[in-house]
Amino acid sequence: MENFTADSEQLRERLEAKLQPWRIRATLSFAGLYQLTHELIKTAVVDGVRQFYLTGFDESGSIYDEVAYAEKVLALDSRRRPFPASLRWLVELEAISARQADRLDRIYAHRHELTHELGRYIVDLDFEPDMQLFVDALEILRDIHRFWTQIEFDFGTFEEYGSISLDDVTPGPILLLQMCVDAYVEGLEDDGSDQARA
């Protein structure tokens, strides 16, 4: 009976800790940050590869080499889905590894869980957001943008800026995400300070 009482007390304390307002805010913020990161990856993959086949513009908008895009990208997926096909294209060009492309399946699954089962991550002691998946997503996004930046370097896009290296360039989406990560961390630190004062 003593063990049951001790276990019940420990469970109650853990649940109370999880339901603290600062902890709920942290989970909600993380879910938003994770969602943003996933969307930036999708854009870097699908739109980035599509833009590679941009050939110009006319009065109706962008013009693409549709034949080359279909043959060299969409054909890489049996169902011709842009995201998996574009991922395979990026792996073939060594922008990311096959392991990273495979890891995106789990990253996507966790995004789905955080979006559709967010309440569970707030109240269920057995569910915590996966920080390692977030770290992996950041690494993959960074590698994809580094690949696109290298292509821009090869095209001479940065020549007018003089002698700069690949490491001197921070793509807009990476800058946006860094600002959001910094705000998230600052929020955690502020909440920690509030807890220390309480």
Side-chain angles (χ1 to χ4, degrees), residues 1-48 77 79 81-88 90-91 95-146 171-198:
M1 186 67 175
E2 283 182 23
N3 285 345
F4 176 78
T5 304
D7 289 346
S8 296
E9 180 63 21
Q10 185 180 35
L11 190 63
R12 184 185 64 77
E13 289 174 1
R14 287 179 58 211
L15 186 57
E16 283 179 359
K18 185 157 188 164
L19 295 176
Q20 290 294 311
W22 70 268
R23 183 86 179 268
I24 293 172
R25 281 194 302 273
T27 300
L28 292 171
S29 296
F30 181 85
L33 191 57
Y34 195 95
Q35 178 76 29
L36 173 63
T37 304
H38 183 265
E39 291 304 313
L40 290 174
I41 289 172
K42 276 179 29 182
T43 299
V45 170
V46 177
D47 295 353
D77 180 65
R79 294 177 6 205
R81 296 167 297 169
F83 186 75
S86 297
L87 273 182
R88 287 188 180 94
L90 288 166
V91 169
I96 58 173
S97 68
R99 182 195 64 78
Q100 287 176 308
D102 291 342
R103 187 69 166 155
L104 282 172
D105 288 337
R106 183 64 196 116
I107 289 167
Y108 170 76
H110 195 51
R111 183 214 65 87
H112 188 78
E113 293 160 2
L114 284 172
T115 301
H116 299 287
E117 300 179 53
L118 184 54
R120 187 177 228 180
Y121 284 88
I122 292 171
V123 300
D124 193 323
L125 293 174
D126 295 327
F127 282 78
E128 291 292 339
D130 192 325
M131 188 59 72
Q132 186 57 53
L133 285 174
F134 179 63
V135 170
D136 293 347
L138 292 177
E139 178 186 331
I140 292 167
L141 182 64
R142 186 201 69 225
D143 288 350
I144 293 170
H145 275 290
R146 189 170 180 86
I174 299 295
L175 189 58
L176 168 66
L177 190 55
Q178 186 59 58
M179 290 169 51
C180 293
V181 169
D182 290 346
Y184 172 73
V185 170
E186 185 177 319
L188 293 178
E189 290 169 353
D190 288 348
D191 277 333
S193 298
D194 291 344
Q195 290 300 307
R197 286 192 294 270

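All figures in this text were calculated on a predicted structure; none of them were measured in a lab. No hydrogens, no waters, no symmetry mates; every other heavy atom, side chains included, goes into these values.
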Return the orientation label for the Phe134 and Tyr34 ring planes: parallel under 30°, perpendicular over 60°, tilted otherwise.
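If you compare the ring of Phe134 with that of Tyr34, the planes turn out tilted.
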
Quick check: do [X] and [Y] have side-chain heavy atoms less than 4.5 Å from each other?
X      : Y      : answer
Pro173 : Thr43  : no
Arg81  : Phe83  : no
Gln35  : Leu114 : no
Lys18  : Thr27  : no
Val91  : Leu87  : no

Salt-bridge contact Glu139-Arg103 (side-chain N to carboxylate O under 4.0 Å):
no

May I ask you to say whether Glu128 pairs ionically with Arg23, meaning some side-chain N is under 4.0 Å from a carboxylate O?
yes

Looking at [atom1] of [X] and [atom2] of [Y], how far apart are the two atoms once the value is rounded to the nearest 0.5 Å?
X      : Y      : atom1 : atom2 : answer
Leu104 : Ile96  : CG    : CD1   : 6.0 Å
Arg146 : Ile174 : CZ    : CD1   : 11.0 Å
Leu40  : Cys180 : CG    : SG    : 8.5 Å
Leu15  : Gln20  : CG    : CD    : 10.5 Å
Asp130 : Tyr121 : CG    : OH    : 8.0 Å
Tyr184 : Leu177 : OH    : CG    : 12.5 Å

Not counting sequence neighbours, which residues clear side-chain hydrogen bond (donor to acceptor under 3.5 Å, both in side chains) with Arg14? List them please.
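Residues passing side-chain hydrogen bond (donor to acceptor under 3.5 Å, both in side chains) with Arg14: none at all.
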
Applying side-chain hydrogen bond (donor to acceptor under 3.5 Å, both in side chains), can you list everything that pairs with Glu186, at least two apart in sequence or on another chain?
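Glu186: no side-chain hydrogen bond (donor to acceptor under 3.5 Å, both in side chains) contacts found.
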
Other residues, nucleotides and ligands only: do more than 12 of their heavy atoms fall within 6.0 Å of CE on Met179?
no

Give a yes or no on whether Arg79 atom CZ has more than 12 heavy-atom contacts from other residues, nucleotides or ligands under 6.0 Å away.
no

Here's a test for you: under side chain to side chain contact (heavy atoms under 4.5 Å, CB included), which of Ile140, Leu141, Leu90 qualifies with Val45?
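Between Val45 and the candidates, side chain to side chain contact (heavy atoms under 4.5 Å, CB included) is satisfied uniquely by Leu90.
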
Per the salt bridge (charged side-chain N to carboxylate O under 4.0 Å, His left out) rule, what does the pair list look like for residues 28-43, sequence neighbours excluded?
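As it turns out, the salt bridge (charged side-chain N to carboxylate O under 4.0 Å, His left out) pairs with a partner in residues 28-43, which skip direct neighbours, are Glu39-Lys42.
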
Can you tell me if Glu13 uses its side chain to pair, donor with acceptor, with the backbone of Gln10 under 3.5 Å?
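No; zero donor-acceptor contacts below 3.5 Å.
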
Taking all non-hydrogen atoms of both residues into account, name the closest pair between [X] and [Y] and its distance.
X     : Y      : answer
Pro84 : Asp77  : CB-OD1, 3.7 Å
Ala44 : His145 : CB-NE2, 3.8 Å
Pro82 : Val46  : CB-CG1, 4.1 Å

